[in-house]
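Right, one structure below, let's go through it.
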Amino acid sequence: MISIPFFSIIIPTYNREKLLADSINSIIAQTFADWECIIVDDGSTDNSKQLVQSIELKDNRIKYVYQDNAERSAARNNGINHSNGEYICFLDSDDHFVPNHLEKLKDFIALQKELICMVINQSLVVSDEGEFPTTLPLPDKNMVEYLYLNAVSPSRVCIHNTILKQLKFDEDIVVVEDVVLWMRIADKFPVYISQHVGVRYNIHEGNSVNRKGTGAIKTYQGILVALERYADVFEKMKPKSYSERLSRVETNIAYYHLLNNRKIEGAKWLLKAISTSPFHTQTKMRLHHLFSILIGKSITI
């Protein structure tokens, strides 16, 4: 008979051997012990497998699952499929749970009106500059819109397994796959926000946003795919909210091109951002940057 732990914690990982042990140990150190931890190795070529299996020998709550490289959405879905817990949490392989996270989370869940739900915790960002909390603003009645506008990393969420039997990460959407799933969940199930700081989110070179990278383009493509595929969910938002975030992404794409010395492409995306949300608070700045491009003046981004 398969035992049913209260929590399943899913850690997708790819070549994070040097960081992974600390993430796993943060789970082993939890003050609440009724959990299983599933590490989904997304085709690592380092010694991640040997590391996890050595920990697995010491603690049978640790489970190792290997898959050919298919990116993080597929890895998280694979972990969901292997999980037995009543509630499912996610932890990125370079982040940590604070020692009493699961205990506080269980207590918070017990107080809620609806137990088949999603819970969002607060987090602590850790970098070379120190530690500071990232506290979400108070939600309004429109949780779909709230989760579109406020970034919530997977390490901050806990979801009842009933929900994830119906809804999973869309593997065709990159970068914003988590945002889209949270919106889809909020459209059908209650979402609660705890004030407990349960996660330490570590900022380092491997996960910091590089403005010369293609993250903004992938975000834009993901939003467009989601809009077409889940139009009924996006219709629950005010058009202004959708357009303002999209224009921010378009602006980031413009800066990506400008930082890579592609001024014409940068100008096109600035025009697109202004057209998408002409009354955005950043429109004046975007117009200034666009004018600077036209007259050949240098831009400080």
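Quantities reported herein were computed from a predicted structural model and do not represent experimental measurements.
Taking OG from Ser194 and CD from Gln112, the interatomic distance works out to 8.5 Å, rounded to the nearest 0.5 Å. Interatomic distance, Leu105 CG to Asn100 CG, rounded to the nearest 0.5 Å: 10.5 Å. Taking CG of Asp92 as the reference point, atom CD1 of Ile11 lies at 9.0 Å (rounded to 0.5 Å). Rounding to the nearest 0.5 Å gives a distance of 12.5 Å between CD1 of Ile62 and CD of Gln53. Here CG of Asn202 is found 8.5 Å from CG of Asp22. Values are rounded to the nearest 0.5 Å. Taking NZ of Lys284 as the start and CD1 of Ile274 as the end, the distance is 13.5 Å to the nearest 0.5 Å.
With respect to Gln221, the side chain to side chain contact (heavy atoms under 4.5 Å, CB included) criterion is satisfied by exactly one of Ile217, Leu224, Thr219, Val225: Ile217.
Tyr87 places none of its side-chain heavy atoms less than 4.5 Å from the side chain of Leu102. Residues Glu114 and Tyr192 form a side-chain contact, since some pair of their non-hydrogen atoms from C-beta on lies under 4.5 Å apart. Tyr201 places none of its side-chain heavy atoms less than 4.5 Å from the side chain of Val126.
Judged by distance alone, with hydrogens and angles left aside, the side-chain atoms of Ser83 form no donor-acceptor pair with the main-chain N or O of Gly85 at under 3.5 Å. Although no hydrogens or angles enter the test, the distance criterion places a donor-acceptor pair under 3.5 Å between the side chain of Thr283 and the main chain of Pro278. Although no hydrogens or angles enter the test, the distance criterion places a donor-acceptor pair under 3.5 Å between the side chain of Thr251 and the main chain of Ser247. Remark: side-chain polar atoms of Asp42 are paired, donor with acceptor, to backbone N or O of Ala70 under 3.5 angstrom. No donor-acceptor distance shorter than 3.5 angstrom exists from the side chain of Glu36 to the backbone of Ser8, with no hydrogens or angles considered. Under the 3.5 Å distance criterion, the side-chain polar atoms of Ser23 are matched with a main-chain donor or acceptor of Asp95. A donor-acceptor pair is defined here as one N or O able to donate and one able to accept, closer than 3.5 Å; such a pair exists between the side chain of Ser243 and the backbone of Pro239. Between the side chain of Asn69 and the backbone N or O of Gly43 there is no donor-acceptor pair closer than 3.5 Å. Counting only distance, with no hydrogens or angles, the side chain of Gln122 and the backbone of Pro133 share no donor-acceptor pair below 3.5 Å. A donor-acceptor contact shorter than 3.5 Å links the side chain of Arg156 to the backbone of Asn121.
Residues Thr134 and Ser123 have side chains that bring a donor and an acceptor to within less than 3.5 angstrom of each other. Thr162 and His160 share a donor-acceptor pair across their side chains, judged by distance under 3.5 Å alone. For Thr276 and Glu250, the side-chain atoms include at least one donor-acceptor pair closer than 3.5 Å.
Of all heavy-atom pairs spanning Val98 and Val197, the tightest one is CG2-O, 3.4 Å. For Leu270 against His289, the heavy-atom pair with the smallest separation is CD1-CB, 3.9 Å. For the pair Cys89 and Phe7, the tightest heavy-atom approach, listed with the atom from each and the gap, is SG-CD2, 3.8 Å. Residues Ser26 and Leu91 approach most closely at OG-CD2, 4.1 Å, considering heavy atoms.
Taking the six-membered ring for Trp and the full ring otherwise, Tyr220 and Trp269 have centroids separated by under 6.0 Å. Proximity of the aromatic rings of Phe32 and His101 is defined here by a centroid distance below 6.0 angstrom, and this criterion is not met. Trp182 has its ring centre less than 6.0 Å from the ring centre of Phe169.
Heavy-atom contacts from other residues, nucleotides or ligands closer than 6.0 Å to CG of Leu111 number more than 12. Around atom CD of Gln50, more than 12 heavy atoms belonging to other residues, nucleotides or ligands sit under 6.0 Å away. Residue Tyr66 places its OH atom among more than 12 non-hydrogen atoms of other residues, nucleotides or ligands, all under 6.0 Å distant. Atom NZ of Lys168 sits in a crowded spot, with more than 12 heavy atoms from other residues, nucleotides or ligands closer than 6.0 Å. Open room surrounds CD on Glu129; 12 or fewer heavy atoms of other groups in view lie less than 6.0 Å from it. Summarising the local packing, CG of Asn60 is surrounded by 12 or fewer heavy atoms from other residues, nucleotides or ligands at distances under 6.0 Å.
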* To do: Show the numbers, then the answer: is there a side-chain hydrogen bond (donor to acceptor under 3.5 Å, both in side chains) between Asn78 and Gln67?
  => CA-CA 8 Å; Asn78 197 357; Gln67 67 176 37; 2.9 Å; yes
* Ile24 vs Ile39, side-chain contact (heavy atoms from CB on, under 4.5 Å): CA-CA, chis, key distance, verdict -> CA-CA 9 Å; Ile24 297 173; Ile39 293 90; 4.0 Å; yes
* side-chain contact (heavy atoms from CB on, under 4.5 Å) assessment of Phe90 paired with Ile159 -> CA-CA 9 Å; Phe90 301 97; Ile159 305 169; 4.2 Å; yes
* Going through the distances and angles, do Tyr256 and Arg262 end up as a side-chain hydrogen bond (donor to acceptor under 3.5 Å, both in side chains)? -> CA-CA 9 Å; Tyr256 157 71; Arg262 293 191 286 266; 3.1 Å; yes
* Could you go through the side-chain hydrogen bond (donor to acceptor under 3.5 Å, both in side chains) check for Glu103 and Thr31 one step at a time? => CA-CA 6 Å; Glu103 181 181 358; Thr31 56; 2.5 Å; yes
* Which is it for Asp172 and Arg229 under the salt bridge (charged side-chain N to carboxylate O under 4.0 Å, His left out) test, yes or no, and what are the steps along the way? -> CA-CA 10 Å; Asp172 294 330; Arg229 194 165 292 178; 3.0 Å; yes
* To do: Show the numbers, then the answer: is there a side-chain contact (heavy atoms from CB on, under 4.5 Å) between Leu124 and Val199?
  => CA-CA 6 Å; Leu124 188 70; Val199 180; over 6 Å; no
* To do: Check the pair Glu131, Arg200 against salt bridge (charged side-chain N to carboxylate O under 4.0 Å, His left out), reporting the backbone distance first and the verdict last.
  => CA-CA 9 Å; Glu131 301 181 356; Arg200 293 169 60 90; 3.0 Å; yes
* Asked: Do Phe189 and Met118 pass the side-chain contact (heavy atoms from CB on, under 4.5 Å) test, and can you show the C-alpha distance, the side-chain angles, and the key distance before you say yes or no?
  -> CA-CA 7 Å; Phe189 299 95; Met118 170 172 156; over 6 Å; no
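In the hydrophobic clustering of ILVMFWY residues, with side-chain heavy atoms under 4.5 Å counting as a link, Ile10 and Ile120 come out together. The hydrophobic clustering, which links ILVMFWY residues whose side-chain heavy atoms are closer than 4.5 Å, places Trp35 and Phe97 together. Residues Tyr14 and Val65 do not share a hydrophobic cluster, clusters being chains of Ile/Leu/Val/Met/Phe/Trp/Tyr side chains in contact below 4.5 Å. Criterion: ILVMFWY side-chain heavy atoms under 4.5 Å apart, direct or through other members. Under it, Leu19 and Ile55 are not part of a common hydrophobic cluster.
Ionic pairing of Lys236 and Glu145 is not present here: no N-O contact between side-chain nitrogen and carboxylate oxygen is shorter than 4.0 angstrom. Salt-bridge annotation for Arg76 and Glu177: present, with a side-chain N of the basic residue lying under 4.0 Å from a carboxylate O of the acidic one. Contact check on Arg16 versus Asp94 returns a salt bridge, with a Lys/Arg side-chain nitrogen under 4.0 Å from an Asp/Glu carboxylate oxygen.
Relative to the six-membered ring of Tyr64, Lys49 misses at least one condition, a distance below 6.0 Å or an angle of at most 45° to the axis. Geometrically, Arg245 engages Tyr148 in a cation-pi contact defined by less than 6.0 Å to the ring centre and at most 45° from the axis.
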